[in-house]
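Below you'll find the structure, written out as structure tokens, and then a few comments.
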Amino acid sequence: MTTTFITGANRSLGHETARRLIEAGHTVLVGARDPERGRAAADALGARFVQIDVTDDASVAAAAADVAAHEGGIDVLINNAGVLGTHSPADQITAADAREVFEVNVVGIVRVTHAFLPLLRKSAQPVIVNVSSGMGSFALTHDAGRAEGRILAPLYTASKAAVTMLTTQYAKSWPDVKVNAADPGYTATDFNGHSGPQTVTEGTDAIVELATIGADGPTGTFRDRHGEVAW
């Protein structure tokens, strides 16, 4: 039985990823900051809720300890929690704005991965999936024909570029762990006011694919539902 821990799993992409992986036979642990919403989502899915705030060292350590006590280890870690941050024009963005976005989107991944890596290494085939974005791709954000090339979001795009680079560095550092980044694509979620053309199921295709790779699967890649994404 594959045990999978997902951060930010109480709604949108995280929730749909949990649903699909449960359907595929995984034991899923729903990680969420809000206990009421997280527990309700887990109950509806048939999963176990684990409270976690990716911006808080003590919370992340407690979540890892909880999983160690109940499951003993995990096979898959999906770092899904993320924020968009301010909608302010670039000339109004402050250091505090940047700190808020990077604390969740980048530092949060480092914090959770550091805490859960010992639990992952108890697996014969440990896998990490970091949910990045085409908005962090230099190629896509310079293509005027794509949505990524027409949207201005300096902090979000910079943070997701960092997520993808962090992924490749982790993959090179840990040959025993499959570490990949997923681009959900422009998906209709609460994140964007349900403006994306993709369904939430389509948006989780790459995440689910990377979460279910076998021993011969890729590592250090950046993929969407159609294949590898240009950097």
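One is the number of the first residue; the rest follow in order along the sequence.
- Between atom OH of residue Y170 and atom CD1 of residue I109 there is a gap of 8.0 Å, rounded to the nearest 0.5 Å.
- Grouping the Ile, Leu, Val, Met, Phe, Trp and Tyr side chains by contacts below 4.5 angstrom, directly or via other members, places V30 apart from V67.
- Listed for the Q51 side chain is a donor-acceptor partner under 3.5 Å among the backbone atoms of R33.
- For the residue pair V76 and T2, the shortest heavy atom distance occurs at CG2-CG2, 3.9 Å.
- Put simply, V60 and F102 are part of the same group of oily side chains (I, L, V, M, F, W, Y) that touch within less than 4.5 Å, one to the next.
- Across every non-hydrogen atom of V131 and I78, the tightest pair is CG2-CG2, 4.2 Å.
- Remark: Q92 CD is packed, more than 12 non-hydrogen atoms of other residues, nucleotides or ligands lying under 6.0 Å away.
- Using a 4.5 Å cut-off on side-chain heavy atoms (C-beta onward), T212 and H26 make contact.
- Residues V54 and A81 share a closest heavy-atom pair of CG1-CB, 4.2 Å.
- Looking at F116 and I52, their side chains come closer than 4.5 Å, going by heavy atoms from C-beta outward.
- Looking at S159, its side chain never comes within 3.5 Å of a backbone N or O of V106 through a donor-acceptor pair.
- Ion pair D75/K178 not flagged as a salt bridge, since none of the NZ, NE, NH1 or NH2 atoms sits closer than 4.0 Å to an Asp/Glu carboxylate oxygen.
- Formation of a donor-acceptor pair under 3.5 Å by the T221 side chain with backbone atoms of R223 is not found in this model.
- Ion pair E209/R20 not flagged as a salt bridge, since none of the NZ, NE, NH1 or NH2 atoms sits closer than 4.0 Å to an Asp/Glu carboxylate oxygen.
- I74 and I213 fall into different hydrophobic clusters, defined by Ile, Leu, Val, Met, Phe, Trp and Tyr side-chain heavy atoms under 4.5 Å apart, directly or through other members.
- Looking only at side-chain heavy atoms (C-beta outward), N105 and Y156 come within less than 4.5 Å of each other.
- Rounding to the nearest 0.5 angstrom, the gap separating the CG atom in D34 from the CZ atom in F49 is 7.5 Å.
- Taken to the nearest 0.5 Å, the CZ atom of R146 stands 4.5 Å off from the CG atom of L140.
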Quiz item: Is there a side-chain contact (heavy atoms from CB on, under 4.5 Å) between T113 and W174 once you walk through the steps?
Solution: CA-CA 12 Å; T113 301; W174 305 326; 3.7 Å; yes
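- At a threshold of 4.0 Å, the pair D66-R48 counts as salt-bridged, since one of the basic side-chain nitrogens sits closer than that to a carboxylate oxygen.
- L77 and I6 fall into different hydrophobic clusters, where Ile, Leu, Val, Met, Phe, Trp and Tyr residues are linked whenever their side-chain heavy atoms come under 4.5 Å apart, directly or through other members.
- When the shell of 6.0 Å around CG of D91 is examined, it contains more than 12 heavy atoms from other residues, nucleotides or ligands.
- A side-chain donor-acceptor contact under 3.5 Å links S132 to the backbone of K160.
- Of all the heavy atoms in A64 and L119, the pair that sits closest is O-CD1, 3.6 Å.
- When every heavy atom of V50 is checked against every heavy atom of A63, the shortest pair comes out as CG1-CB, 3.8 Å.
- The line from CD1 of I128 to CG of L117 is 6.0 Å long, rounded to the nearest 0.5 Å.
- A donor-acceptor contact shorter than 3.5 Å is absent between the side chain of D224 and the backbone of G185.
- At least one side-chain heavy atom of T3 sits under 4.5 Å from a side-chain heavy atom of L29.
- Using a 3.5 Å distance cut-off with no hydrogens or angles, the side chains of S59 and D53 do not pair a donor with an acceptor.
- Side-chain contact between H15 and L45: present, with at least one pair of heavy atoms (C-beta onward) separated by less than 4.5 Å.
- Heavy atoms only, all atoms of each residue included: L210 and A182 are closest at CD1-CB, 4.0 Å.
- Distance alone, capped at 3.5 Å, places no donor-acceptor pair between the T204 side chain and the I207 backbone.
- Summarising the local packing, CZ of R37 is surrounded by 12 or fewer heavy atoms from other residues, nucleotides or ligands at distances under 6.0 Å.
- With rounding to the nearest 0.5 angstrom, the NE2 atom of H87 is 13.0 Å from the CG atom of L152.
- Side-chain contact between E148 and D143: absent, with no pair of heavy atoms (C-beta onward) separated by less than 4.5 Å.
- In this structure, R111 CZ and T55 OG1 are separated by 6.5 Å, a value rounded to the nearest 0.5 Å.
- Put simply, the side chain of T17 does not reach to within 4.5 Å of the side chain of N80, judged on heavy atoms.
- When atom types are taken as modelled, the side chain of N130 and the backbone of N79 share no donor-acceptor pair closer than 3.5 angstrom.
- Put simply, F222 and M165 are part of two different groups of oily side chains (I, L, V, M, F, W, Y) that touch within less than 4.5 Å, one to the next.
- With sequence neighbours left out, the salt bridge (charged side-chain N to carboxylate O under 4.0 Å, His left out) criterion links R19 to E16, E23.
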